[in-house]
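Note that this is a predicted model, so its numbers are computed, not measured.
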Amino acid sequence: MLKSHSCGELNKEHVGAQITLAGWVDRRRDHGGLIFIDLRDREGIVQVVFNPGISKPCHEIASEMRSEYVVRISGEVALRPPGTENPKLATGDIEVIAHNTDIINPSKTPPFYINEDIEVDENLRLQYRYLDIRRARMKENLLLRYRVVKFIRDFLDAKGFIEVETPMLIKSTPEGARDYLVPSRLHPGKFYALPQSPQQLKQLLMVAGVEKYFQIARCFRDEDLRADRQPEFTQLDLEMSFIEEEDILSLLEELFTSMVETVKPEMRLIKPFPRLTYTQTMERYGTDKPDLRFGLEIGDLSDITAQSDFSVFRSAIAGGGKVKGICAPGCATYTRHQLDELNKIVKVLGATGLTTIALGTSVGSLDDLTVEMLRSVAAKFLTLDQIKEMAGRLGAKMGDLLLIMAGKSELVDMALDELRREIGYRLKLADPKMLAFAFIWDYPLLEMNEKTERWEPMHHLFTAPKDEDVPFLDTAPERVRGKHYDMVCNGYEIAGGSIRIHTSHLQRKIFRLLGYTDEEVDERFGHLLEAFDYGAPIHGGVAPGIDRIVMLLAGEENIREVIAFPKTQSAVDLTFNAPSSVTEEQLIELHLRLRDD
RNA sequence: GGCCCCGUGGUGUAGCGGUCUAACAUGCCACCCUGUCACGGUGGAGAUCAGGGGUUCAAAUCCCCUCGGGGUCGCCA
């Protein structure tokens, strides 16, 4: 090693030691006589003193040093002179007196600050990601990510799981997300696909008798990007044999509880994790990934408003829709401008508008509410009793603001979910130190695709139906619930899993229900179905998204901040400028010709 | 594919029809400085205001298009 210690580890115990350090110049303070260098490596920062009275050559070299120069320094660890200690620095009691030094490599002036935590244009950060990762924020995020993955490996190892790698070059399956394709050189006109997840592979490992499998698995989906979605992302892929839903849920709860308590002890959890059925969460929050850090639950007002004189409400219900609302506590004083902002939020989602009812501006009992205290365009169409009943159902008090949506059920739910999160954010109800994990289960197995008028799996093709619902597969498929569960946290879907189908006849039955021909099934899933005929155990699993978990633990709002080399929203890697053109020779080898369009 | 937001010295921001020959902070360069730690002091260099077109007597500022970035709907079994 070219260094004997790391900068950050030095303390009073090292006083008197002769050491060698190597790292980057974080800052230089040149006093003409004395020069101070803050030397940085991965572990931290230490002050080095260049005193011409101790070494003239060292002092001359130090005067050439600039930010981000890579330097090596040999010298002695010394206590700082009394009064010059720096309590802001972990190594602030000591300093290194340089006896020998050399510049290993100079550096151009960096395009942005390495030593300051200020916002920098993300394009620049990504283009110079290797400099960005030198900065504290990315360094800490990557360290946290490593600790999370390390914790997972240790935890599952102790539980008897083994990690098995599965191929990255597999077979394209048109269902689900769009595949990333890899052309085959040896097989003209044929393609591999990168895995969307190792789903079928891990099921085959269960048939193979592995019993407890996991993998920190890279997954690829060629879909549009979001703050929480990258084209390649990392899942903890996990599968177990001879289990039921409860086994996975309790394993997840123990894993994530102990993980947070180990890697982020300052964050708070709700224990045990709440469990909501799909129906419950949709009714109460309008989404299957609710932020449970705060209440503001949705109330269904359809029965109250069905007979009202307000045509917006009446016609929505007559058209098969719903009238639902939430209460924004203390927001009765919202200005026209603030109400417009809320209106805009729902309009962007495609809703025609939002009905607001401000319940007075003073504190007091709802019983004292009078028509004069109301502020709402809908007030003249509604009776005072109707408004009181609505307010009561939404848990409103005087001084609150009712936000009411009318229309198609899905749109109403989506808009109220959005409004709920907006109000939660504005009123600072979402504690940033809280991780509100929860399980959502009892999902419908299937949903009807309105366009194609075909049943589609809500989760995926291999989810087992609840035993008691199996008879409905033939008579009322919409009533069949799947053995599927999601884990959510703070409004994000963190994991999805299920107990799988483990017999070929039930799996074939599902395929038929989804409209596949026998030929299609054999071509695409023959390998899996045949495997089921060789003694497949009851099995199931789950796949938590590592990027999202680390994002939440790090307090970040997008997963690019916890990925070393992420892609932009247009799926471009700015560090390498990928994707890029390839040579004609490469195309010829792959039997490809580019289309003009 | 739709909608919304952003683009000003290296970096971060201000300026939002004329006083902009573009301001401030920091960084950079030079000189001074032996106890600083976001060192300090003096001086200096550094910007086709993303690109193109238009409106106007006059555009960083208003309008249109393009490019790039971000957020989101659709999409993501």
Side-chain angles (χ1 to χ4, degrees), chain A residues 26-39 45-54 59 63 66-68 78 80-89 91-92 95 97 108-128 131 173-179 196-197 199-200 219-231 233 341 344-351 410-411 414-415 418 443 445-447 449 451 455-463 482 484 493 496 498 510 514 524-525 543 545 557-558 560 567-570 572 574:
Chain A
D26 194 66
R27 232 176 260 279
R28 182 178 66 117
R29 290 179 294 280
D30 186 343
H31 287 235
L34 283 179
I35 294 176
F36 298 97
I37 293 279
D38 286 341
L39 187 67
I45 286 176
V46 69
Q47 171 166 283
V48 182
V49 187
F50 296 87
N51 189 330
I54 290 174
H59 182 264
S63 65
R66 295 292 182 275
S67 288
E68 301 312 312
R80 290 194 182 197
T84 67
E85 300 87 354
N86 184 355
K88 283 186 276 186
L89 211 58
T91 59
E95 60 192 6
I97 312 298
K108 294 206 267 186
T109 302
F112 48 81
Y113 300 98
I114 309 298
N115 49 19
E116 274 179 54
D117 186 26
I118 59 161
E119 283 296 319
V120 177
D121 177 59
E122 202 180 354
N123 271 353
L124 254 197
R125 292 177 57 203
L126 292 176
Q127 192 183 337
Y128 296 96
L131 298 180
T173 51
E175 45 280 319
R178 200 175 288 112
D179 281 323
Q196 294 177 29
S197 80
Q199 180 60 35
Q200 294 186 56
C219 306
F220 303 86
R221 295 179 191 174
D222 188 2
E223 298 291 347
D224 287 353
L225 290 82
R226 289 287 187 280
D228 62 351
R229 275 166 34 189
Q230 282 273 306
F233 60 100
E341 284 175 347
K344 211 167 161 190
I345 288 171
V346 303
K347 283 193 169 150
V348 164
L349 297 172
E410 296 81 55
L411 194 59
M414 186 159 79
E418 195 63 40
Y443 277 80
L445 184 68
L446 306 165
E447 60 187 342
N449 182 320
K451 286 192 205 120
W455 289 107
E456 289 182 351
M458 190 124 179
H459 175 46
H460 64 47
L461 296 161
F462 314 109
T463 299
H484 167 54
E493 180 191 325
S498 63
I510 298 289
L514 299 175
R524 291 184 203 165
F525 305 106
E557 287 183 354
N558 86 59
R560 294 187 300 277
K567 291 176 181 57
T568 66
Q569 193 166 74
S570 51
V572 170
L574 289 177

Between A/I37 (CD1) and B/rG35 (C1'), how many Å, whole number?
15 Å

Length of the line joining A/L126:CG and B/rG69:C1', which is rounded to integer Å:
10 Å

Taking the same atom, C1', in B/rA38 and in B/rC75, what whole-Å distance lies between them?
47 Å

Do the side chain of A/R226 and the base of B/rG74 come within less than 3.5 angstrom through a donor-acceptor pair of N or O atoms?
yes

Measure CD1/A/I54 against C1'/B/rG35 and give the value in whole Å, please.
13 Å

Can we call the ring centroids of A/F50 and A/H59 under 6.0 Å apart?
no

Under a 4.0 Å threshold between the charged nitrogen and the carboxylate oxygen, would A/E68 count as salt-bridged to A/K108?
no

Between B/rG74 and B/rU56, how many Å separate the two C1' atoms, rounded to a whole number?
41 Å

Tell me: CD of A/E223 to P of B/rG1, nearest whole Å?
14 Å

Taking only side-chain nitrogens and oxygens of A/Q569, does any of them come within less than 4.0 Å of OP1 or OP2 of B/rG71?
yes

Return the OG1 to CD distance between A/T91 and A/E85, rounded to the nearest 0.5 Å.
12.0 Å

Please encode protein proximity along nucleotides 7-16 of chain B as a string of B, S and -, counting only heavy-atom distances under 4.0 Å.
---BBS----

Work out how far the P atom of B/rG40 is from that of B/rU26, and round it to whole angstrom.
8 Å

Do NZ/NE/NH1/NH2 and the carboxylate oxygens of A/R28 and A/D30 come within less than 4.0 Å?
yes

When we call it a touch if two heavy atoms are under 4.0 Å apart, what does A/P457 touch: a base, just sugar-phosphate, or nothing?
sugar-phosphate

In whole angstrom, give the distance that lies between atom NZ of A/K108 and atom C1' of B/rC29.
17 Å

Integer angstrom distance from the C1' of B/rU11 to that of B/rU19:
29 Å

Parallel, tilted or perpendicular: ring planes of A/F462 versus A/F525, cut at 30 and 60 degrees:
perpendicular

Look at A/S570 and B/rG69 and indicate whether a side-chain polar atom (N or O) is within less than 4.0 Å of OP1 or OP2.
yes

Paired with B/rA22: which nucleotide, if any, by Watson-Crick or G-U wobble criteria at under 3.5 Å for both distances?
none

What is the distance from CG of A/N51 to C1' of B/rC33, rounded to the nearest Å?
14 Å

Between the protein and nucleotides 45-52 of chain B, list every N/O to N/O distance that falls short of 3.5 Å.
none

Give one of base, sugar-phosphate or nothing for A/R560, where a contact means two heavy atoms less than 4.0 Å apart.
sugar-phosphate

Using whole Å, report how far CG of A/N558 lies from C1' of B/rC5.
16 Å

With distance as the sole criterion, do the side chain of A/R229 and the base of B/rC75 form a donor-acceptor contact below 3.5 Å?
yes

Interface polar pairs with nucleotides 36-40 of chain B, N/O, under 3.5 angstrom:
residue : atom : partner : partner atom : Å
B/rU36  : O4'  : A/H31   : NE2          : 3.4
B/rU36  : O2'  : A/H31   : NE2          : 3.4
B/rU36  : O2   : A/R29   : NE           : 2.6
B/rU36  : O2   : A/R29   : NH2          : 3.3
B/rU36  : O2   : A/Q47   : OE1          : 3.4
B/rU36  : N3   : A/Q47   : OE1          : 2.8
B/rU36  : N3   : A/Q47   : NE2          : 3.1
B/rU36  : O4   : A/Q47   : NE2          : 2.7
B/rU36  : O4   : A/R80   : NH1          : 3.1
B/rC37  : O4'  : A/R29   : NE           : 3.1
B/rC37  : O2'  : A/R29   : NH1          : 3.4
B/rC37  : O2   : A/Q47   : OE1          : 3.4
B/rC37  : O2   : A/N86   : ND2          : 3.1
B/rC37  : N3   : A/R80   : NH1          : 2.6
B/rC37  : N4   : A/R80   : NH1          : 3.1
B/rC37  : N4   : A/T84   : O            : 2.2
B/rA38  : OP1  : A/K88   : NZ           : 3.0
B/rA38  : OP2  : A/K88   : NZ           : 3.3
B/rC39  : OP2  : A/R29   : NH1          : 3.0
B/rC39  : N4   : A/D30   : O            : 2.5

Heavy atoms from C-beta onward define the side chain here; which of B/rG71, B/rC73, B/rG35 lies closest to that of A/L34?
B/rG35

Basic-acidic side-chain contact under 4.0 Å: A/E223, A/R229:
no

Close side-chain approach of A/S498 and A/H460, heavy atoms under 4.5 Å
yes

Nucleotide paired to B/rU55 in any strand shown, Watson-Crick or G-U, under 3.5 Å
none

